[in-house]
There are 2 protein chains.
Amino acid sequence: MDENDVIAMVKLNGGRVTMPRRAILKSLLNAKEHMTAEELAKLVREKYPDIHISTVYRNLEELEKLGVVIHTHFLHGPATYHLESEIHVHLVCEVCGNVAEVPLDSLNPFIREIKKNFSFSVNPKHFALQGVCSICAKNSEN
Amino acid sequence: MDENDVIAMVKLNGGRVTMPRRAILKSLLNAKEHMTAEELAKLVREKYPDIHISTVYRNLEELEKLGVVIHTHFLHGPATYHLESEIHVHLVCEVCGNVAEVPLDSLNPFIREIKKNFSFSVNPKHFALQGVCSICAKNSEN
DNA sequence: GTGCTTGCAAACGTTTTGCAGACTC
DNA sequence: GAGTCTGCAAAACGTTTGCAAGCAC
C-alpha cells in the first residue's frame, strides 16, 4: 500500500486530493513508527507550517475509516496511530512505559483459549495489553 | 472489607474521617457495579447535593492508593471504578459495548503463554480486553 | 492550632466541532 | 458551481489543580 493506492481510495470515497492531505499521508507512510496526532502534525509542519492539528485529526479519522491506519491507546495520554498493514499487538509496561510489539498471530493460543471459555473474540487492536516487562519485574524483586 | 475497615485504613494513613468521605465510601461499597466518577458523584449527591466531583476524584484516588478500589478503562469515555476485592478482567465488546467480567485466574494459561514467549507479565487491570462478543459475532455473519 | 479536606473555579491535555472562506473537481 | 476541505477559534470531555475557608483531631 503506497501513497497512490491510498489517494485512489480517497478519490473513490468522494474525497478530494489536497496539499494538506498529501503531506499528512506522506509523513504517515514514511515514518513507520506509531505516532500521536501531535507528533504527526509536528512532522508535517516542518514542510508546511500552516497545517492545523484539526486537519491532522480529520485526515486520520478518514484514513481510519478507509482501513489505512489504526489508532491504539497506551496507558494514558494521547492515542497513537500506525499503519493497519503492520497490525500488531502492543505490550506496554506500566512501570517503565516501554512498548513492545508482537504479531497478532503469536497470540493465537491465548485468543483461542478465551474464545473457547468465554465465547469472546479478543482483538486487542485499540488498546495495548498492559503488564510488567521482564526488566522491571527483575528490578522489583528486591 | 466493610466501611469500618476502610475508615481504619484511612486513619492509619493520617487521613481524617469526614462526611463527604464517608458518603462516597458508603455509595461505593453499596453499589457493587463498576461506576464512573460522575455516576458515583450523582449517587452521592442524592443525599448530599453539595459534594463536588473533585472531592469524589480525590477520594477515589486515595482509595486507590490504599488498595480499596481500582479503576479500569473501557473502550472510550471515562474510567470506571470498582472494588479491588472483586478484581476481575473485563471483556468489552467493541460492537455493542457490553462488558463481561471474568476472573483473573481463568486467564492464567493465556498469561503464562505470553510470559513464556515474550517475558512479559500481562495484567489487564487498568484496561479492558476488547474484542467482539458472541452475539455480535453471530449478527455480523450475514 | 496543625494540617488535612473541602467546594469552587479555573486549568489541563486531547479531541471534536461550527463556521466562513478556499479549494478540487 | 456543487460540494469537499481547510484554518481558526471555541467547545467538549474527563480529570487535575490552586486556593482560601472549613473541619477533624
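Lettering follows sequence order; numbering is per chain, from 1.
In this structure, A37(B) reaches neither bases nor backbone, as no heavy-atom distance under 4.0 Å exists between it and the strands shown.
Residues M19(A) and L63(A) share a single hydrophobic cluster, defined by chaining ILVMFWY side chains whose heavy atoms lie under 4.5 Å apart.
Using a 4.5 Å cut-off on side-chain heavy atoms (C-beta onward), H71(A) and Y81(A) make contact. You'll find the side chain of V122(B) stays beyond 4.5 Å of the side chain of L107(B), heavy atoms only. L40(B) is listed as a side-chain neighbour of L28(B), based on a closest heavy-atom distance under 4.5 Å. Proximity of V102(B) to L91(B): side-chain heavy atoms (C-beta onward) are separated by under 4.5 Å at one or more points. Considering only heavy atoms from C-beta on, P124(B) stays 4.5 Å or farther from T72(B) through its side chain. Residues E3(B) and K26(B) meet the side-chain proximity criterion, which asks for heavy atoms closer than 4.5 Å. No side-chain heavy atom of N123(A) sits less than 4.5 Å from a side-chain heavy atom of V132(B).
The footprint of chain A on DNA chain C, defined by a heavy-atom cutoff below 4.0 Å, extends from dT14(C) to dC25(C).
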Take V10(B) and E62(B), measure what side chain to side chain contact (heavy atoms under 4.5 Å, CB included) needs, and give me the verdict at the end. CA-CA 9 Å; V10(B) 169; E62(B) 193 209 18; 3.9 Å; yes

Could you walk me through whether F118(B) and S134(A) satisfy the side chain to side chain contact (heavy atoms under 4.5 Å, CB included) test, starting with their C-alpha distance in whole Å, then the side-chain angles of each, then the deciding distance to 0.1 Å, before giving a yes or no? CA-CA 9 Å; F118(B) 307 111; S134(A) 56; over 6 Å; no

Could you check V89(B) against K125(B) for side chain to side chain contact (heavy atoms under 4.5 Å, CB included), going step by step and ending with a plain yes or no? CA-CA 6 Å; V89(B) 174; K125(B) 274 189 305 198; over 6 Å; no

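Using modelled atom types, one side-chain atom of S106(B) and one backbone atom of P103(B) make a donor-acceptor pair closer than 3.5 Å.
Across residues 8-17 of chain B, R16(B), V17(B) each have a non-hydrogen atom less than 4.0 Å from an atom of DNA chain D (numbered order). DNA chain C is contacted by D50(B), I51(B), H52(B), S54(B), T55(B) of residues 43-57 of chain B, taking any non-hydrogen atom closer than 4.0 Å. If you check residues 18-27 of chain A against DNA chain D, the residues with a heavy atom closer than 4.0 Å are T18(A), P20(A), R21(A), listed by number.
DNA chain D forms stems at C:1-25 with D:1-25, each a run of 3 or more consecutive Watson-Crick or G-U wobble pairs whose two key distances fall under 3.5 Å.
Separation of the H76(A) and H126(B) ring centroids does not fall under the 6.0 Å cut-off. In this structure, H34(B) has its ring center closer than 6.0 angstrom to the ring center of F74(B).
Evaluation of the ring pair (Phe, Tyr, Trp, His ring centres under 6.0 Å) test over residues 43-63 of chain A, restricted to residues two or more places apart or in two chains, returns none.
Rounded to whole Å, the distance from CZ on R58(B) to C1' on dC23(D) is 15 Å.
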